[in-house]
Structure formats: structure tokens, C-alpha cells
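To keep things clear, I will list the structure first and then write my remarks on it.
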Amino acid sequence: MDNQKHCLITGGSRGIGAATAYRFAKEGYRITFFYRRDDESAQYTLERIRRISAYCQAMKVDIRDFASVRQAVHKAEEEFGPIDVLVNNAGISRIALFTETSEDQWNDMLSTNIGGLYNLTQSVLPSMLHRHEGSIINISSMWGVVGASCEVAYSTSKAAIIGFTKALAQEVGPSHIRVNCVAPGVIDTEMNAELDDETRDTLSDNTPLCRIGSPEEVADAVYFLASENASFITGQILGVNGGYIT
Ligand code: NDP
């Protein structure tokens, strides 16, 4: 099934991005996903999606680089048509005291998690504005809502994504473009691979639903926000966190 719509997902090689790419492919979307360096995961996800759809392409693009992003978006649109849904998902995290966060680490966090959002949205939005349609979903985090100790840089970047979502939604709403945000709680991906068992148990215990979430559960929320079922929803932050924060 090809619904002729095109969804671009950053960080689609693994984790939440890969689950999101698969979810949209199942609904008939043409998929382009960007990743940075993990060719093996990108190939695995590409092959998995190609089993259910003829329209999936993976592009190795560093979202911190505006020129590369712009060029890749252009190429993606040439292949699969204009982008209808943009999912700004790619991100990095780092656990460290603020006083032990170097200027380079701080800048890397912001240029990936926020700079990437700027580069992608600047590259995709003009065509959406021209067509008077489109949906943008940004992936923040519950730590962007409440803040997390030892994750000041990460929380800063994720809080900025919430501000970006709310402001852009107001600006482009009159052009029939919706902008929303998903703020996941603790999700079982490689981003959390370095957590030890005790920390994982504590995080589960602190979650009212008594477990950590799956990438597919986040993907379902992203898909909902892009779908017609969310046609009157814009500028919102949807928590997918098992009730960890309310
Ligand atoms: P993963 O670490 O599993 O995957 C991250 C993805 O982002 C990979 O595809 C990676 O590509 C890509 N990426 C990272 N930096 C760049 C870059 N500079 N250019 C292009 N692609 C890049 O992360 P998750 O799936 O766990 O997280 C996805 C999003 O969800 C992130 O924004 C994260 O902050 C957010 N989130 C995650 C939570 C969790 O508990 N897992 C909780 C709350 C929010 P490559 O593999 O090639 O490096």
C-alpha cells in the first residue's frame, strides 16, 4: 500500500526513530530516514521496512550540518515527493555533572538536539508553507519538562524543543501546518544501554505503570499526532512516560 505521502524521520536507524519509520511505513507512507554513522543498524532497519514497502530510503546525514541537511532533503523530495510529515527525532544524551560538562560537550549537545531541529525544519518548512499542509513532530523528553540532575545540557536542549514547538505552532497554524511534540519517559533503546540493572529497576519502580516503555509505544503517539485523528491538535506536548511525570 502506498498512500503517496512522504515522512522524513531523523535518527531512524535504531530506537524510537526506527520504530517510528516502521509505523509510518505500515500506514503506507514513503519513508526517508537520516542517521549519522551506524551503517549496520541503518541497513537492518532499511531491509526490515523494505519487506513491507517499496518506498524506504536511508541517508547518512549529520543533522548538525545545515548544507548537508538541505542537500539531502532536496534529494529525498526528488525521489519520493514533497515531505508531508517531519519527525525531528535524532538526539544525543549524556549523563554528567554540569561542572564536569566541557564547552565542547555543551555545544555538541545543543548543535545536535537544537541545531538539528533548526536545520531540518528550515529545509522542510518552505515547501509545507507553499502547499498549505504538513505536520511536524519533535521528540523532546520528560526531562525537558521537569529537568534532571546530571543532565543539565540534555534537559536544556529538550526544554528548548518544547518552546520551539509551541512558538512554531502559533506561527504556521494559519498555513494549516501542525507542530506537536512527544516527550517520552524512560524508553528501552541503546540510549539507555549504559544504565546498570539497579538504575533501570529504580526507574521502573518510579514509573506508575511499573516498567520502562518501548520504542513502539512512542511511535504510536507520533503517528497519532501526524494522523487525521489529531487534526485539531497543534502546539501540544504529549507525555509518553507511564505516568512518571504528570
Ligand atoms: P538512540 O541513541 O537509540 O538513537 C539515536 C538516533 O539518532 C540514531 O539513529 C543516531 O544515528 C541518530 N543521531 C544522533 N546524532 C545524529 C546526528 N548528528 N545526525 C544524524 N543522526 C544522528 O536514541 P533513542 O531512540 O533512545 O532516542 C531518540 C530520541 O528520543 C532522542 O531525541 C532522545 O533524546 C529522545 N528520548 C529518548 C528517551 C529514551 O529513554 N530512550 C527518553 C526521552 C527522549 P547513528 O546511530 O547513526 O549515530
Side-chain angles (χ1 to χ4, degrees), residues 8-23 31-46 49 58-70 72-73 76 86-95 105 107-120 123 137-148 151 153-162 164-165 181-195 199-200 203-204 206-207 211-219 221-222 237-242 244-245:
L8 170 60
I9 300 142
T10 61
S13 54
R14 55 191 162 89
I16 292 168
T20 303
Y22 193 81
R23 181 72 170 87
I31 305 296
T32 300
F33 70 80
F34 289 178
Y35 69 105
R36 181 180 41 171
R37 56 186 172 200
D38 182 355
D39 297 321
E40 204 180 312
S41 296
Q43 192 58 31
Y44 174 84
T45 300
L46 185 65
I49 293 175
M59 295 183 173
K60 196 170 186 172
V61 186
D62 189 333
I63 59 165
R64 293 170 297 184
D65 180 1
F66 183 74
S68 306
V69 167
R70 175 153 276 195
V73 165
L86 168 64
V87 184
N88 282 309
N89 163 77
I92 54 169
S93 68
R94 188 167 175 276
I95 296 176
Q105 288 164 341
N107 288 338
D108 189 36
M109 182 74 70
L110 296 189
S111 64
T112 305
N113 294 2
I114 292 298
L117 197 74
Y118 175 88
N119 294 340
L120 264 294
S123 302
I137 293 122
N138 304 315
I139 308 300
S140 174
S141 160
M142 67 176 173
W143 302 137
V145 181
V146 294
E151 294 196 67
Y154 183 71
S155 301
T156 300
S157 70
K158 293 297 176 178
I161 291 173
I162 291 172
F164 177 95
T165 300
C181 178
V182 171
V186 186
I187 308 298
D188 194 10
T189 70
E190 274 179 47
M191 188 172 268
N192 291 320
E194 68 192 40
L195 298 179
T199 308
R200 285 172 78 92
L203 289 165
S204 295
N206 288 340
T207 305
R211 62 178 177 86
I212 63 177
S214 73
E216 288 73 23
E217 288 172 310
V218 180
V222 174
I237 316 305
L238 178 56
V240 182
N241 58 38
Y244 198 115
I245 63 161

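Predicted model only: the values in this text are computed from it and were never measured. All ligand and atom numbering here is 1-based and tracks the order in the structure. Numbering starts at 1 and runs along the sequence shown.
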Give the atom numbers and elements of ligand 1 that come within less than 4.0 Å of a heavy atom of [X].
{"X": "Asn192", "value": "39 (C), 40 (O), 41 (N)"}
{"X": "Val186", "value": "40 (O)"}
{"X": "Gly15", "value": "25 (O)"}
{"X": "Thr189", "value": "3 (O), 24 (P), 25 (O), 26 (O), 41 (N)"}
{"X": "Ala90", "value": "7 (O), 12 (C), 13 (N), 21 (N), 22 (C), 32 (O)"}

Shortest non-hydrogen contact between Cys181 and Ile161, atoms and distance
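Cys181 and Ile161 have their closest heavy atoms at SG-CG2, 4.3 Å.
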Ile187 versus Ser214, closest heavy-atom pair with distance:
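Closest pair (atom of Ile187, atom of Ser214, distance): CG2-C, 3.6 Å.
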Between the candidates [options], which shows the shortest non-hydrogen contact distance to [atom]?
{"atom": "atom 44 (C) of ligand 1", "options": "Gly17, Pro215, Ser140", "result": "Ser140"}
{"atom": "atom 36 (N) of ligand 1", "options": "Phe34, Tyr35, Tyr154", "result": "Tyr154"}
{"atom": "atom 20 (C) of ligand 1", "options": "Asn138, Val182, Thr10, Val61", "result": "Val61"}
{"atom": "atom 42 (C) of ligand 1", "options": "Gly213, Ser141, Gly185", "result": "Gly185"}
{"atom": "atom 6 (C) of ligand 1", "options": "Gly11, Gly144, Ser157", "result": "Gly11"}
{"atom": "atom 29 (C) of ligand 1", "options": "Asn89, Thr45, Val240", "result": "Asn89"}

Which word best sums up how the rings of Phe66 and Tyr118 line up, parallel for under 30°, tilted for 30 to 60°, or perpendicular for over 60°?
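Because their plane-to-plane angle lies in the 30° to 60° range, the rings of Phe66 and Tyr118 count as tilted.
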For [X], is the nearest heavy atom under 4.0 Å from an atom of ligand 1?
{"X": "Asp188", "value": "no"}
{"X": "Ala18", "value": "no"}
{"X": "Lys60", "value": "no"}
{"X": "Asp62", "value": "yes"}
{"X": "Gly116", "value": "no"}
{"X": "Phe33", "value": "no"}

Met142 contact mode with ligand 1 (heavy-atom cut-off under 4.0 Å)
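Under 4.0 Å from ligand 1, Met142 contributes no heavy atoms.
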So Tyr35 and Thr45, side-chain contact (heavy atoms from CB on, under 4.5 Å) or not? Walk me through it.
CA-CA 11 Å; Tyr35 69 105; Thr45 300; over 6 Å; no
Considering only protein heavy atoms, which is closest to [atom], and at what distance to one decimal place?
{"atom": "atom 25 (O) of ligand 1", "result": "Ile16 N, 2.8 Å"}
{"atom": "atom 47 (O) of ligand 1", "result": "Arg37 N, 2.7 Å"}
{"atom": "atom 19 (N) of ligand 1", "result": "Ile63 N, 3.0 Å"}
{"atom": "atom 4 (O) of ligand 1", "result": "Arg14 NH1, 3.4 Å"}
{"atom": "atom 5 (C) of ligand 1", "result": "Gly91 O, 4.0 Å"}
{"atom": "atom 8 (C) of ligand 1", "result": "Ser13 OG, 3.7 Å"}
{"atom": "atom 21 (N) of ligand 1", "result": "Arg36 N, 3.6 Å"}

Are any non-hydrogen side-chain atoms of [X] and [Y] less than 4.5 angstrom apart?
{"X": "Leu120", "Y": "Phe34", "value": "yes"}
{"X": "Tyr154", "Y": "Ser141", "value": "yes"}
{"X": "Met142", "Y": "Lys158", "value": "no"}
{"X": "Arg94", "Y": "Glu151", "value": "no"}
{"X": "Asn119", "Y": "Asp65", "value": "no"}

Value rounded to 0.5 Å, distance of OG in Ser140 from CG in Asn88
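Ser140 OG to Asn88 CG: 12.0 Å, rounded to 0.5 Å.
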Using 0.5 Å steps for rounding, measure from the CD1 atom of Ile139 to the CG atom of Asn89.
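Rounded to the nearest 0.5 Å, the CD1-CG separation comes to 5.5 Å.
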Among all residues two or more places apart in sequence or in another chain, which pass the salt bridge (charged side-chain N to carboxylate O under 4.0 Å, His left out) test with Glu190?
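Partners of Glu190 by the salt bridge (charged side-chain N to carboxylate O under 4.0 Å, His left out) criterion, ordered by chain and then number, come out as Arg14.
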Identify, with sequence neighbours excluded, every residue that meets salt bridge (charged side-chain N to carboxylate O under 4.0 Å, His left out) alongside Glu217.
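With neighbours one apart ignored, the set is Arg211.
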Is the closest basic N to carboxylate O distance between Asp188 and Arg200 below 4.0 Å?
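Here Asp188 pairs with Arg200 in a salt bridge, since their nearest N and O are under 4.0 Å apart.
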For Asp38 and Ser13, does a side-chain donor sit closer than 3.5 Å to a side-chain acceptor?
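Short answer, no.
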